[in-house]
Amino acid sequence: MTALTGILGGLAANPAAAGLDRSLSCRITDLDQVVLGRLSSGSVRDLRAVADGPEVPKADIRLTMTSDDLVALTDGRLAFGSAWASGRVKLEAGLRDLLRLRKLL
């Protein structure tokens, strides 16, 4: 949770995120967990972990990665762009959100 808060908190504080109000999810594949939350008003709110499964609601912005990659992103050993390009991190969102997120990432 701390690692995810660090990554998403930096994203939310970026001026390019101003005005975004979107649901978020981060599927941690090796833990069979999904962290749900909301990006709103320059911060990430209401983070909570739930068991992965078909009943998990589909968020506006969805990340998928392993816990090791999440920690590596947080401590700077892995850059988001290279992780995404290599398929280690997956990012799914609507076209408008993807265009806005590319400025953030």
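Everything numeric in this text was worked out from a predicted model, so none of it was measured.
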Starting at CG of Leu24, measure out to CZ of Arg45 and round the result to the nearest 0.5 Å.
-> 12.0 Å

List the steps and the verdict of side chain to side chain contact (heavy atoms under 4.5 Å, CB included) for Thr29 and Thr64.
-> CA-CA 7 Å; Thr29 57; Thr64 303; 3.5 Å; yes

Does some side-chain heavy atom of Ile28 sit less than 4.5 Å from a side-chain heavy atom of Thr66?
-> no

Atom pair SG (Cys26) and CG (Leu70), whose distance is rounded to the nearest 0.5 Å | 6.0 Å

Starting at CG of Leu39, measure out to CZ of Arg22 and round the result to the nearest 0.5 Å.
-> 8.5 Å

dist Ser25:OG -> Gln33:CD (nearest 0.5 Å) comes out at 13.0 Å

Leu91 side chain near Arg62 side chain, heavy-atom distance below 4.5 Å | no

Report, one line per pair, each donor and acceptor closer than 3.5 Å where one atom sits in a side chain of residues 46-59; sequence neighbours left out.
residue : atom : partner : partner atom : Å
Asp52   : OD1  : Arg27   : NE           : 3.0
Asp52   : OD1  : Arg27   : NH2          : 3.0
Asp52   : OD2  : Arg27   : NE           : 2.9

Among pairs that include at least one residue of residues 75-87, which meet side chain to side chain donor-acceptor pair (under 3.5 Å), considering only residues two or more places apart or in two chains?
-> Asp75-Arg77

Find out if a path of hydrophobic residues (ILVMFWY) with successive side-chain heavy-atom gaps under 4.5 Å connects Val34 to Leu31.
-> no

Under 4.5 Å between side-chain heavy atoms, hopping through other hydrophobics if needed: is there a path connecting Val44 to Met65?
-> yes

d(Arg88 CZ, Leu73 CG) to nearest 0.5 Å is 8.0 Å

With rounding to the nearest 0.5 Å, note down the distance linking CG in Leu63 to CG in Asp69.
-> 12.0 Å

Taking a hydrophobic cluster as the set of Ile, Leu, Val, Met, Phe, Trp and Tyr residues connected by side-chain heavy atoms closer than 4.5 Å, whether directly or through intermediates, do Phe80 and Leu20 fall within one such cluster?
-> yes

